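Take a look at the structure set out below.
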Amino acid sequence: MFHFLTNVTKIKYVRHNRNEPNKMNQQEFLHIVLPFKDKLYRLAKRYLISTDSAEDATQEILLKLWINKLKLKNYNNVEAFAMTMTKNYCLDRLKAKSSQNLKLVHSNYKDNTVALEKQIETNDSVSIIEKLLNELPEKQRIIMQLRDIEQYTFEEIGKILELKPTTIRVNLSRARKTIREKLLKQHNYGIR
Amino acid sequence: MESVNIEKLLDKYFEGETSIAEETTLKLYFAKQNVPEHLMQYKAMFAYFAQNKTEVSKKPIQVNPKKQTWYGKSMAIAAVFLLLVAIGIKYTYSNDKLSDAELKEAQIAYVETQKVFKLISENLNKGNNAVAYLNEYESTKNKIFK
(Lines give C-alpha, C1' and ligand atoms only; values in the text may rest on other atoms or scores of the structure.)
Protein backbone atom coordinates (compact mmCIF):
# COMPACT_ATOMS: atom_id res chain seq x y z
CA MET A 1 0.00 0.00 0.00
CA PHE A 2 2.75 2.43 0.91
CA HIS A 3 4.65 1.48 -2.19
CA PHE A 4 1.60 2.46 -4.23
CA LEU A 5 1.31 5.81 -2.47
CA THR A 6 4.91 6.81 -3.11
CA ASN A 7 4.40 5.97 -6.76
CA VAL A 8 1.48 8.38 -7.00
CA THR A 9 3.41 11.23 -5.40
CA LYS A 10 6.29 10.62 -7.77
CA ILE A 11 4.04 10.90 -10.83
CA LYS A 12 2.50 14.07 -9.45
CA TYR A 13 5.90 15.62 -8.93
CA VAL A 14 7.12 14.85 -12.43
CA ARG A 15 3.99 16.25 -14.05
CA HIS A 16 4.24 19.41 -12.06
CA ASN A 17 7.79 19.95 -13.21
CA ARG A 18 6.96 19.28 -16.81
CA ASN A 19 4.16 21.84 -16.80
CA GLU A 20 6.15 24.69 -15.31
CA PRO A 21 7.95 26.00 -18.43
CA ASN A 22 4.73 25.85 -20.47
CA LYS A 23 2.60 27.62 -17.94
CA MET A 24 1.20 30.96 -19.04
CA ASN A 25 -0.49 33.46 -16.84
CA GLN A 26 -3.11 35.96 -17.89
CA GLN A 27 -0.57 38.77 -18.16
CA GLU A 28 1.61 36.89 -20.61
CA PHE A 29 -1.42 35.85 -22.61
CA LEU A 30 -2.64 39.44 -22.93
CA HIS A 31 0.83 40.49 -23.96
CA ILE A 32 0.69 38.06 -26.89
CA VAL A 33 -2.92 38.72 -27.82
CA LEU A 34 -3.34 42.49 -27.44
CA PRO A 35 -1.30 43.59 -30.50
CA PHE A 36 -3.66 41.83 -32.91
CA LYS A 37 -6.91 41.77 -30.97
CA ASP A 38 -8.37 44.70 -32.91
CA LYS A 39 -7.30 43.18 -36.20
CA LEU A 40 -9.40 40.14 -35.32
CA TYR A 41 -12.29 42.45 -34.52
CA ARG A 42 -12.04 44.39 -37.78
CA LEU A 43 -11.78 41.18 -39.80
CA ALA A 44 -14.81 39.76 -38.02
CA LYS A 45 -16.70 42.97 -38.68
CA ARG A 46 -15.82 42.83 -42.36
CA TYR A 47 -17.31 39.34 -42.51
CA LEU A 48 -20.34 39.77 -40.28
CA ILE A 49 -20.97 43.53 -40.86
CA SER A 50 -22.74 43.91 -37.52
CA THR A 51 -20.66 45.41 -34.71
CA ASP A 52 -22.21 43.23 -32.02
CA SER A 53 -21.55 40.00 -33.90
CA ALA A 54 -17.97 41.11 -34.48
CA GLU A 55 -17.49 41.78 -30.76
CA ASP A 56 -18.90 38.35 -29.93
CA ALA A 57 -16.70 36.67 -32.52
CA THR A 58 -13.59 38.38 -31.15
CA GLN A 59 -14.47 37.33 -27.64
CA GLU A 60 -15.06 33.78 -28.78
CA ILE A 61 -11.71 33.57 -30.58
CA LEU A 62 -9.83 35.00 -27.60
CA LEU A 63 -11.51 32.48 -25.32
CA LYS A 64 -10.50 29.66 -27.66
CA LEU A 65 -6.93 30.95 -27.66
CA TRP A 66 -6.96 31.17 -23.87
CA ILE A 67 -8.16 27.58 -23.51
CA ASN A 68 -5.41 26.39 -25.86
CA LYS A 69 -2.83 28.78 -24.43
CA LEU A 70 -0.30 26.04 -23.73
CA LYS A 71 -0.18 25.19 -27.41
CA LEU A 72 0.27 28.83 -28.45
CA LYS A 73 4.01 28.75 -28.03
CA ASN A 74 4.27 25.95 -30.59
CA TYR A 75 2.98 28.24 -33.34
CA ASN A 76 5.61 30.58 -34.66
CA ASN A 77 2.98 32.97 -36.00
CA VAL A 78 0.15 33.24 -33.48
CA GLU A 79 -1.33 36.27 -35.22
CA ALA A 80 -1.81 34.51 -38.56
CA PHE A 81 -3.20 31.50 -36.71
CA ALA A 82 -5.68 33.68 -34.83
CA MET A 83 -6.73 35.44 -38.04
CA THR A 84 -7.39 32.08 -39.70
CA MET A 85 -9.41 31.03 -36.67
CA THR A 86 -11.45 34.21 -36.97
CA LYS A 87 -12.04 33.59 -40.65
CA ASN A 88 -13.26 30.04 -40.05
CA TYR A 89 -15.42 31.11 -37.14
CA CYS A 90 -17.09 33.87 -39.17
CA LEU A 91 -17.68 31.56 -42.14
CA ASP A 92 -19.35 29.10 -39.78
CA ARG A 93 -21.53 31.82 -38.38
CA LEU A 94 -22.53 33.01 -41.84
CA LYS A 95 -23.33 29.46 -42.91
CA ALA A 96 -25.45 28.88 -39.83
CA LYS A 97 -27.29 32.12 -40.50
CA SER A 98 -27.98 31.43 -44.18
CA SER A 99 -29.30 27.95 -43.43
CA GLN A 100 -32.01 29.37 -41.22
CA ASN A 101 -35.41 29.61 -42.85
CA LEU A 102 -36.32 32.79 -41.08
CA LYS A 103 -34.82 35.56 -43.12
CA LEU A 104 -35.51 38.43 -40.75
CA VAL A 105 -32.29 37.87 -38.85
CA HIS A 106 -30.43 40.38 -36.78
CA SER A 107 -27.95 41.44 -39.45
CA ASN A 108 -30.55 41.88 -42.18
CA TYR A 109 -32.66 43.94 -39.89
CA LYS A 110 -29.76 46.05 -38.76
CA ASP A 111 -28.47 46.55 -42.30
CA ASN A 112 -31.55 48.50 -43.29
CA THR A 113 -31.28 50.94 -40.44
CA VAL A 114 -27.63 51.50 -41.25
CA ALA A 115 -28.53 52.21 -44.86
CA LEU A 116 -31.11 54.70 -43.66
CA GLU A 117 -28.57 56.41 -41.47
CA LYS A 118 -26.23 56.55 -44.41
CA GLN A 119 -28.84 58.14 -46.66
CA ILE A 120 -29.06 60.97 -44.18
CA GLU A 121 -25.35 61.57 -44.23
CA THR A 122 -24.71 61.02 -47.94
CA ASN A 123 -22.15 63.77 -48.13
CA ASP A 124 -19.91 61.80 -45.77
CA SER A 125 -17.77 60.35 -48.53
CA VAL A 126 -15.77 58.13 -46.17
CA SER A 127 -18.82 56.15 -45.11
CA ILE A 128 -19.71 55.76 -48.78
CA ILE A 129 -16.45 53.85 -49.18
CA GLU A 130 -17.47 51.56 -46.35
CA LYS A 131 -20.74 50.85 -48.09
CA LEU A 132 -19.00 50.18 -51.41
CA LEU A 133 -16.50 47.90 -49.71
CA ASN A 134 -19.20 45.90 -47.98
CA GLU A 135 -21.02 45.46 -51.29
CA LEU A 136 -18.04 43.59 -52.74
CA PRO A 137 -18.03 39.77 -52.96
CA GLU A 138 -16.86 38.22 -49.70
CA LYS A 139 -13.44 37.07 -50.88
CA GLN A 140 -12.52 40.42 -52.45
CA ARG A 141 -13.82 42.29 -49.44
CA ILE A 142 -11.70 40.30 -47.03
CA ILE A 143 -8.57 40.50 -49.16
CA MET A 144 -8.96 44.26 -49.44
CA GLN A 145 -9.43 44.50 -45.69
CA LEU A 146 -6.27 42.52 -45.02
CA ARG A 147 -4.19 44.36 -47.60
CA ASP A 148 -5.36 47.96 -47.70
CA ILE A 149 -6.31 48.35 -44.05
CA GLU A 150 -4.17 45.89 -42.12
CA GLN A 151 -1.28 46.08 -44.63
CA TYR A 152 -0.38 42.42 -44.64
CA THR A 153 1.95 41.07 -47.30
CA PHE A 154 0.63 38.64 -49.91
CA GLU A 155 2.40 35.76 -48.17
CA GLU A 156 0.73 36.55 -44.87
CA ILE A 157 -2.69 36.89 -46.50
CA GLY A 158 -2.05 33.59 -48.25
CA LYS A 159 -1.36 31.97 -44.91
CA ILE A 160 -4.45 33.45 -43.26
CA LEU A 161 -6.92 32.72 -46.04
CA GLU A 162 -5.20 29.59 -47.37
CA LEU A 163 -5.00 31.03 -50.89
CA LYS A 164 -2.28 31.34 -53.53
CA PRO A 165 -0.56 34.75 -53.90
CA THR A 166 -1.67 35.05 -57.54
CA THR A 167 -5.32 34.48 -56.56
CA ILE A 168 -4.97 37.17 -53.94
CA ARG A 169 -3.47 39.65 -56.40
CA VAL A 170 -6.21 39.06 -58.99
CA ASN A 171 -8.96 39.42 -56.39
CA LEU A 172 -7.38 42.51 -54.90
CA SER A 173 -7.07 44.16 -58.31
CA ARG A 174 -10.71 43.37 -59.09
CA ALA A 175 -11.85 44.75 -55.76
CA ARG A 176 -9.89 47.98 -56.14
CA LYS A 177 -11.13 48.49 -59.72
CA THR A 178 -14.73 47.93 -58.69
CA ILE A 179 -14.38 50.52 -55.96
CA ARG A 180 -12.80 52.93 -58.45
CA GLU A 181 -15.60 52.46 -60.99
CA LYS A 182 -18.30 53.06 -58.43
CA LEU A 183 -16.45 56.04 -57.04
CA LEU A 184 -16.09 57.57 -60.49
CA LYS A 185 -19.79 57.06 -61.13
CA GLN A 186 -20.63 58.77 -57.88
CA HIS A 187 -18.10 61.52 -58.53
CA ASN A 188 -19.47 62.30 -62.01
CA TYR A 189 -22.99 62.18 -60.69
CA GLY A 190 -22.03 64.81 -58.16
CA ILE A 191 -20.67 67.08 -60.89
CA ARG A 192 -23.60 66.88 -63.24
CA MET B 1 5.72 63.93 -54.92
CA GLU B 2 4.73 64.78 -58.48
CA SER B 3 1.17 64.01 -59.40
CA VAL B 4 2.48 62.20 -62.50
CA ASN B 5 4.33 59.76 -60.30
CA ILE B 6 1.27 59.36 -58.15
CA GLU B 7 -0.80 58.54 -61.21
CA LYS B 8 1.70 55.87 -62.19
CA LEU B 9 1.57 54.45 -58.69
CA LEU B 10 -2.22 54.52 -58.80
CA ASP B 11 -2.22 52.52 -62.04
CA LYS B 12 0.06 49.97 -60.42
CA TYR B 13 -2.14 50.04 -57.35
CA PHE B 14 -5.27 49.13 -59.27
CA GLU B 15 -3.43 46.23 -60.89
CA GLY B 16 -2.56 44.97 -57.42
CA GLU B 17 1.17 45.30 -58.08
CA THR B 18 2.23 47.92 -55.57
CA SER B 19 4.34 47.00 -52.56
CA ILE B 20 3.38 47.85 -49.00
CA ALA B 21 5.85 50.77 -49.06
CA GLU B 22 4.35 52.21 -52.25
CA GLU B 23 0.87 51.92 -50.81
CA THR B 24 2.04 53.79 -47.74
CA THR B 25 3.35 56.54 -50.04
CA LEU B 26 -0.08 56.76 -51.66
CA LYS B 27 -1.79 56.91 -48.28
CA LEU B 28 0.48 59.68 -47.09
CA TYR B 29 0.00 61.62 -50.33
CA PHE B 30 -3.78 61.50 -50.13
CA ALA B 31 -3.76 62.39 -46.46
CA LYS B 32 -2.36 65.80 -47.41
CA GLN B 33 -4.57 68.81 -48.05
CA ASN B 34 -3.55 69.88 -51.56
CA VAL B 35 -4.62 66.96 -53.73
CA PRO B 36 -5.21 67.88 -57.41
CA GLU B 37 -8.85 68.03 -58.52
CA HIS B 38 -8.68 65.03 -60.90
CA LEU B 39 -7.40 62.75 -58.10
CA MET B 40 -9.84 64.02 -55.50
CA GLN B 41 -12.18 61.03 -55.76
CA TYR B 42 -9.50 58.69 -54.37
CA LYS B 43 -8.93 60.80 -51.29
CA ALA B 44 -11.96 59.40 -49.48
CA MET B 45 -10.87 55.85 -50.20
CA PHE B 46 -7.45 56.21 -48.60
CA ALA B 47 -8.94 58.25 -45.80
CA TYR B 48 -11.33 55.39 -45.10
CA PHE B 49 -8.47 52.87 -44.93
CA ALA B 50 -6.65 54.99 -42.39
CA GLN B 51 -9.80 55.62 -40.40
CA ASN B 52 -10.87 51.99 -40.33
CA LYS B 53 -7.50 50.94 -38.99
CA THR B 54 -8.17 52.94 -35.85
CA GLU B 55 -11.46 51.18 -35.20
CA VAL B 56 -11.13 49.04 -32.09
CA SER B 57 -13.21 46.57 -30.20
CA LYS B 58 -14.75 48.25 -27.18
CA LYS B 59 -15.45 45.11 -25.23
CA PRO B 60 -12.80 44.32 -22.61
CA ILE B 61 -11.13 40.96 -22.94
CA GLN B 62 -12.78 38.36 -20.77
CA VAL B 63 -11.03 35.11 -20.27
CA ASN B 64 -12.36 32.91 -17.53
CA PRO B 65 -9.52 32.32 -15.09
CA LYS B 66 -11.65 29.84 -13.14
CA LYS B 67 -11.71 27.48 -16.08
CA GLN B 68 -10.39 24.15 -14.82
CA THR B 69 -7.11 23.18 -16.39
CA TRP B 70 -6.10 19.66 -17.28
CA TYR B 71 -3.68 19.73 -14.38
CA GLY B 72 -6.33 20.71 -11.83
CA LYS B 73 -8.70 18.08 -13.14
CA SER B 74 -6.13 15.31 -12.92
CA MET B 75 -5.34 16.34 -9.34
CA ALA B 76 -9.04 16.18 -8.43
CA ILE B 77 -9.37 12.74 -9.99
CA ALA B 78 -6.28 11.52 -8.14
CA ALA B 79 -7.63 12.84 -4.83
CA VAL B 80 -10.99 11.09 -5.25
CA PHE B 81 -9.25 7.90 -6.29
CA LEU B 82 -6.98 7.96 -3.24
CA LEU B 83 -9.97 8.53 -0.97
CA LEU B 84 -11.80 5.53 -2.45
CA VAL B 85 -8.72 3.35 -2.09
CA ALA B 86 -8.32 4.40 1.56
CA ILE B 87 -11.95 3.61 2.35
CA GLY B 88 -11.72 0.27 0.55
CA ILE B 89 -8.61 -0.71 2.44
CA LYS B 90 -10.15 0.24 5.75
CA TYR B 91 -13.24 -1.90 5.13
CA THR B 92 -11.40 -5.00 3.95
CA TYR B 93 -9.05 -4.92 6.93
CA SER B 94 -11.78 -4.37 9.55
CA ASN B 95 -13.88 -7.24 8.15
CA ASP B 96 -11.05 -9.76 8.39
CA LYS B 97 -10.28 -9.02 12.02
CA LEU B 98 -13.43 -10.47 13.68
CA SER B 99 -12.37 -12.64 16.62
CA ASP B 100 -13.94 -16.07 17.43
CA ALA B 101 -15.73 -14.74 20.50
CA GLU B 102 -17.29 -11.98 18.44
CA LEU B 103 -18.37 -14.48 15.78
CA LYS B 104 -20.08 -16.66 18.39
CA GLU B 105 -21.85 -13.68 19.87
CA ALA B 106 -23.08 -12.68 16.44
CA GLN B 107 -24.39 -16.22 15.87
CA ILE B 108 -26.30 -16.14 19.12
CA ALA B 109 -27.73 -12.75 18.32
CA TYR B 110 -28.83 -14.08 14.93
CA VAL B 111 -30.65 -17.05 16.45
CA GLU B 112 -32.30 -14.86 19.08
CA THR B 113 -33.50 -12.44 16.45
CA GLN B 114 -34.96 -15.26 14.38
CA LYS B 115 -36.88 -16.47 17.42
CA VAL B 116 -38.34 -13.05 18.03
CA PHE B 117 -39.40 -12.74 14.38
CA LYS B 118 -41.09 -16.15 14.50
CA LEU B 119 -43.02 -15.17 17.63
CA ILE B 120 -44.21 -11.97 16.01
CA SER B 121 -45.32 -13.70 12.83
CA GLU B 122 -47.31 -16.36 14.76
CA ASN B 123 -49.17 -13.74 16.71
CA LEU B 124 -49.76 -11.77 13.58
CA ASN B 125 -51.31 -14.83 11.90
CA LYS B 126 -53.74 -15.25 14.83
CA GLY B 127 -54.83 -11.69 14.34
CA ASN B 128 -55.27 -12.35 10.62
CA ASN B 129 -57.58 -15.29 11.32
CA ALA B 130 -59.74 -13.05 13.51
CA VAL B 131 -59.95 -10.48 10.76
CA ALA B 132 -61.18 -13.18 8.35
CA TYR B 133 -64.55 -13.16 10.18
CA LEU B 134 -64.99 -9.56 9.21
CA ASN B 135 -64.75 -10.57 5.55
CA GLU B 136 -67.56 -13.06 6.16
CA TYR B 137 -69.72 -10.26 7.50
CA GLU B 138 -68.89 -8.16 4.43
CA SER B 139 -69.98 -10.87 1.97
CA THR B 140 -73.25 -11.53 3.85
CA LYS B 141 -74.02 -7.85 3.88
CA ASN B 142 -73.44 -7.77 0.11
CA LYS B 143 -75.89 -10.61 -0.40
CA ILE B 144 -78.63 -8.76 1.45
CA PHE B 145 -78.06 -5.25 0.22
CA LYS B 146 -77.50 -5.44 -3.48
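Only a predicted model underlies this, so the values are computations on that prediction, with no experimental measurement involved. Chain letters run A, B, ... following the sequence lines, proteins first, then strands; residues in each count from 1.
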Next on the checklist: Return the CD to CD1 distance between B:Q51 and A:I149, rounded to the nearest 0.5 Å.
Outcome noted: 9.5 Å
Item to check | Salt-bridge present (B:K58, A:E55; N to O < 4.0 Å) | outcome: no
Checklist entry - Would you say A:M144 and B:I20 are hydrophobically clustered, going by side-chain heavy atoms of ILVMFWY under 4.5 Å? => result no
Next on the checklist: When you compare the side chain of B:M45 with that of A:L132, does any pair of heavy atoms fall below 4.5 Å?
Outcome noted: no
Item to check | Atom NZ of B:K27 with >12 non-hydrogen neighbours under 6.0 angstrom | outcome: yes
Next on the checklist: Measuring only between side-chain heavy atoms, which start at C-beta, is A:R180 closer than 4.5 Å to B:L10?
Outcome noted: no
Next on the checklist: Does any backbone or side-chain atom of A:Y152 lie under 4.5 Å from a heavy atom of chain B? Answer side chain, backbone, both or neither.
Outcome noted: backbone
Checklist entry - Do you know which two heavy atoms are closest between A:S173 and B:G16, and how far apart they sit? => result CB-N, 4.1 Å
Item to check | Over 12 foreign heavy atoms within 6.0 Å of NZ, B:K43 | outcome: yes
Next on the checklist: Is it the case that atom CD in B:E105 sees more than 12 heavy atoms from other parts of the structure closer than 6.0 Å?
Outcome noted: no
Item to check | From A:D148 atom CG to B:Y13 atom OH, the distance as rounded to the nearest 0.5 Å | outcome: 3.0 Å
Item to check | A:R169 (side chain) donor-acceptor with B:E17 (main chain) under 3.5 angstrom | outcome: no
Checklist entry - Shortest non-hydrogen contact from B:F14 to A:R176? => result CE2-O, 3.3 Å
Next on the checklist: Quick check on A:K37 against chain B: is it the side chain, the backbone, both or neither that has a heavy atom closer than 4.5 Å?
Outcome noted: side chain
Checklist entry - When clusters are formed by joining ILVMFWY residues with side-chain heavy atoms under 4.5 Å apart, either directly or through shared neighbours, do A:Y75 and A:L43 land in the same one? => result yes
Checklist entry - Just how far is it from atom CD of A:Q145 to atom CG of B:N52, taken to the nearest 0.5 Å? => result 5.0 Å
Checklist entry - If you group Ile, Leu, Val, Met, Phe, Trp and Tyr by side-chain heavy-atom gaps below 4.5 Å, do A:F81 and A:F154 land in one group? => result yes
Item to check | Closest-packed option against chain B by number of heavy-atom pairs under 4.5 Å, given A:K39, A:R42, A:K177 | outcome: A:R42
Checklist entry - So how far is it from A:Q59 CD to B:S57 OG, rounded to the nearest 0.5 Å? => result 7.5 Å
Item to check | Contacting region of A:I168 [heavy-atom separation from chain B under 4.5 Å] | outcome: neither
Item to check | Toward chain B, the part of A:V33 with a non-hydrogen atom under 4.5 Å | outcome: side chain
Checklist entry - Given the rule that I, L, V, M, F, W and Y join up when any side-chain heavy atoms are under 4.5 Å apart, are A:I142 and A:V170 in one cluster? => result no
Item to check | ILVMFWY network linking B:V116 to B:Y110, side-chain heavy atoms under 4.5 angstrom | outcome: no
Checklist entry - Taking side chain as C-beta onward, heavy atoms only, is A:Y41 less than 4.5 Å from B:E55? => result yes
Next on the checklist: Show the nearest heavy-atom pair for residues A:R147 and B:T18, with the distance to one decimal.
Outcome noted: NH2-O, 2.9 Å
